[in-house]
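Structure, as structure tokens:
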Amino acid sequence: MTIGICNDHAGVEYKQKLVAYLKRKGHQVVDFGTGTTESCDYSDFAHPLANAVEKGEVEKGIAICGTGNGMAITLNKHQGIRAGLAWNTAVAHLVAEHNNANVLVMPARFASYRMAVSMVREWLATPFAGGRHQRRIDKIPL
Ligand code: RB5
């Protein structure tokens with residue numbers, strides 16, 4: 001699978017490790033930055049990732065910032081994005097199963113790297129349940 005990934009300065013270390021992890025698992029990874037710990041604005045990186053998911057240039061996306069909220073709020077401005085914020089494996093399962101999240105958002109400052117790997121693994125492995133959840137998703141667009 002081709003996966004896009006982005007982060008702000010709070011998520012650089014997790015992003016670098018996750019890129020290596022995903023490649024080891026056989027995925028192609030497109031890195032939308034940032035590549036440094038210099039203070040930056042999450043929205044500068046969230047929009048390019050969202051655009052790539054919407055255009056089908058990447059199949060899914062992963063976004064990381066301090067709390068995850070800046071990334072999630074920005075990503076969800078895009079009509080084609082369902083960005084789900086997860087902080088443990090059970091929530092990562094549900095954002096795939098119930099919300100069909102095409103972007104997984106994680107809070108680098110409030111989840112361990114070990115947990116981040118577990119969340120990514122679970123989100124990628126969990127199919128969308130459809131049914132009543134599809135009906136709810138269909139009512140999201142403004
Ligand atoms: C950066 O300090 C922090 O505000 C950012 O990573 C994120 O938590 C915003 O929602």
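First listed ligand is number 1; within each ligand, the first listed atom is number 1. We use all heavy atoms of the structure for the numbers below, so side chains are in, but hydrogens, waters and symmetry mates are not.
When side chains are defined from C-beta on, I5 does not count as touching L49, because their heavy atoms never get closer than 4.5 Å. The side-chain heavy atoms of V53 and I81, taken from C-beta on, include a pair separated by under 4.5 Å.
Ring pair H98/H93: centre-to-centre distance not below 6.0 Å.
Relative ring orientation between Y14 and Y113 is described as perpendicular, the plane-to-plane angle rising above 60° on a 0-90° scale split at 30° and 60°.
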>> Pair S43, T74 - check side chain to side chain donor-acceptor pair (under 3.5 Å), show working.
In response: CA-CA 6 Å; S43 34; T74 309; 5.0 Å; no

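Proximity to D8 (heavy-atom distance under 4.0 Å) selects the following atoms of ligand 1: 1 (C), 5 (C), 6 (O). For ligand 1, the atoms sitting less than 4.0 Å from at least one non-hydrogen atom of H9 are 1 (C), 2 (O), numbered in the order shown with element in parentheses.
Considering backbone and side-chain atoms alike, G70 places an N or O below 3.5 Å from some N or O of ligand 1. On a distance-only criterion, G66 and ligand 1 share at least one N/O pair closer than 3.5 Å. Taking only nitrogen or oxygen atoms, main chain and side chain alike, R109 reaches within less than 3.5 Å of ligand 1. For T67, a nitrogen or oxygen atom sits less than 3.5 Å from a nitrogen or oxygen atom of ligand 1, counting backbone and side chain alike.
Not a single heavy atom of M71 sits closer than 4.0 Å to an atom of ligand 1.
Judged purely by atom type and a 3.5 angstrom limit, R82 has no side-chain atom pairing as donor or acceptor with the backbone of N102.
Within 4.0 Å of atom 8 (O) of ligand 1, at least one protein heavy atom is present.
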